[in-house]
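This report refers to the structure that appears directly beneath it.
Order of the sequence lines fixes the chain letters, A, B, ..., with proteins taken first and strands second; residue numbering starts at 1 for each chain.
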There are 2 protein chains.
Amino acid sequence: MPEDTAPADLTTMRFSRAREAQSMAVLEDYAEMIDDLAKQMGEARITDIAARMGVTHPTATKAVARLKREGLAVSRPYRGVFLTELGAEMAARVRMRHRVVVDLLIAVGVPPETAEIDAEGLEHHVSEATLKAFEAYLAKRG
Amino acid sequence: MPEDTAPADLTTMRFSRAREAQSMAVLEDYAEMIDDLAKQMGEARITDIAARMGVTHPTATKAVARLKREGLAVSRPYRGVFLTELGAEMAARVRMRHRVVVDLLIAVGVPPETAEIDAEGLEHHVSEATLKAFEAYLAKRG
DNA sequence: ACAGAAGTGTAGCCACGGCTACACTTTGCA
DNA sequence: TGCAAAGTGTAGCCGTGGCTACACTTCTGT
Ligand SMILES: [Mn+2]
Ligand SMILES: [Mn+2]
Ligand SMILES: [Mn+2]
Ligand SMILES: [Mn+2]
């Protein structure tokens, strides 16, 4: 085995972390989007959530059901969806991280439109440590 | 609607792209891993693939079945798994991209161990345009 | 040579995130 | 005011990627 290869158990841990991060991605994106809609439209309706996510309304309903199950949102039949305090905190955190990721990409030379697109997937795999490093890099750059 | 917000249909496209990228992630990671194992051990066995991915062997078997279905690998019962030419090309591309992502993270100040971990998830959402930008940045930095 | 260990296949379970189809409720307008 | 349009709920399908349990094959060491 080449010495530039990490031990197998460290490799395994990397994959586990990536899977774990991915399992949060849907939750994070919906939380942020519901918060966006609440700010822009006054409330987040299932149809609007679905339209923005690019999915059908039953898919959005299922995602919201998961958010509710995890204590991140509440809703009553035929009414809008609202974030709990926990959900709002997640939304704020996710929005900030998203912005930092986009800014960093642009700072290292990625075209802004591309940065926006790629960030939507990248953001969910940026750890706290990496986020801090990004912020430090951006601060240093002014 | 605030003017710092992208049109809804662009937002929708971002999410679609992220989902699409994600659907390739498993394929990419397995292709790279099978290639690793072929180089390090002579051949890629289901048990070894599973162990490194941190999953059980039936899970690895299913992933390999998908690789075969997509023309990226071949195998015969109770024998090892081998990449096709297409699969080997994907593995090479994925390995290169992984390395660039890790290098870029380190270049902007992310601790190397963290860079390795985060890159495992990030890599799948780095587009060609972003990869080129990363390479340019790294080249400029020497 | 063969028995036990190791490896592999496969059935069948689950959660998730897509979808269509259809029923029901709410909204809005003539 | 009431009816049509819009919105929502829900059942049920699929593919994917996890898992356990168990059967079968291959390998290995005595
Ligand atoms: Mn996202
Ligand atoms: Mn985002
Ligand atoms: Mn990966
Ligand atoms: Mn990788």
Please classify the nucleic acid contact of B:Pro77 as base, sugar-phosphate, or nothing, using heavy-atom distances under 4.0 Å.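 B:Pro77: backbone/sugar contact only, no base atoms under 4.0 Å.
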
Please give, in whole Å, the distance from [N] [atom2] to [X] [atom1]?
| X | N | atom1 | atom2 | result |
| --- | --- | --- | --- | --- |
| B:Ile49 | C:dG7 | CD1 | P | 13 Å |
| B:Ile46 | D:dG18 | CD1 | C1' | 15 Å |
| A:Glu20 | D:dG18 | CD | P | 13 Å |
| A:Glu43 | D:dG7 | CD | P | 12 Å |
| A:Glu28 | C:dG17 | CD | P | 12 Å |
| A:Lys68 | D:dT10 | NZ | C1' | 13 Å |
| A:Arg69 | C:dC14 | CZ | C1' | 12 Å |
| B:Asp48 | C:dA6 | CG | C1' | 11 Å |

List the atom of A:Val110, the atom of A:Ala115, and the distance in Å for their closest heavy-atom pair.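 Result for this residue pair: CG1-N, 3.7 Å.
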
For A:Thr114 and B:Ser127, work out which heavy atoms get closest and say how close.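 So the minimum-distance heavy-atom pair works out to CG2-OG, 3.5 Å.
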
For [N], take OP1 and OP2 only and decide whether either is under 4.0 Å from a side-chain N or O of [X].
| X | N | result |
| --- | --- | --- |
| A:Thr47 | D:dT8 | yes |
| A:Arg19 | D:dG17 | no |
| A:Arg76 | C:dT25 | no |
| B:Thr61 | C:dT8 | no |
| B:Arg79 | C:dT8 | no |

Listed nucleotide nearest any side-chain atom of [X], set [options]:
| X | options | answer |
| --- | --- | --- |
| A:Tyr78 | C:dG17, D:dT16, D:dG7 | D:dG7 |
| B:Thr56 | D:dG18, D:dC19, D:dC13 | D:dC19 |
| B:Lys62 | D:dG17, C:dG17, D:dT16 | D:dG17 |

If you pin A:Arg45 and A:Pro58 to their nearest nucleotides in DNA chain D, which one's is more 5'?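 Per heavy-atom nearest nucleotide, the more 5' residue is A:Arg45.
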
Position toward the 5' end of DNA chain D (nearest nucleotide), B:Gln22 or A:Ser75: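 Closer to the 5' end of DNA chain D: A:Ser75.
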
A:Arg14 and B:Glu116 ion-paired at < 4.0 Å: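 Salt bridge flag = yes for B:Glu116 with A:Arg14.
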
Distance-only donor-acceptor test, A:His57 side-chain atoms vs D:dG9 base atoms, 3.5 Å: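 By the distance-only test, yes, there is a pair.
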
Which sits closer to the 5' end of DNA chain C, A:Gly54 or B:Ala44, going by the nucleotide each is nearest to?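 Looking at DNA chain C, the more 5' nearest nucleotide goes with B:Ala44.
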
Rounded to the nearest 0.5 Å, what separates atom CG in A:Leu131 from atom CZ in A:Arg97?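 The CG atom of A:Leu131 sits 8.0 Å away from the CZ atom of A:Arg97.
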
Say whether A:His124 and A:Glu28, considering side chains only, have a donor N or O and an acceptor N or O under 3.5 Å apart.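 Indeed, the side chains of A:His124 and A:Glu28 share at least one donor-acceptor pair under 3.5 Å.
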
Any side-chain heavy atom of A:Asp35 sitting closer than 4.5 Å to one from A:Glu32?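 No, side chains not in contact.
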
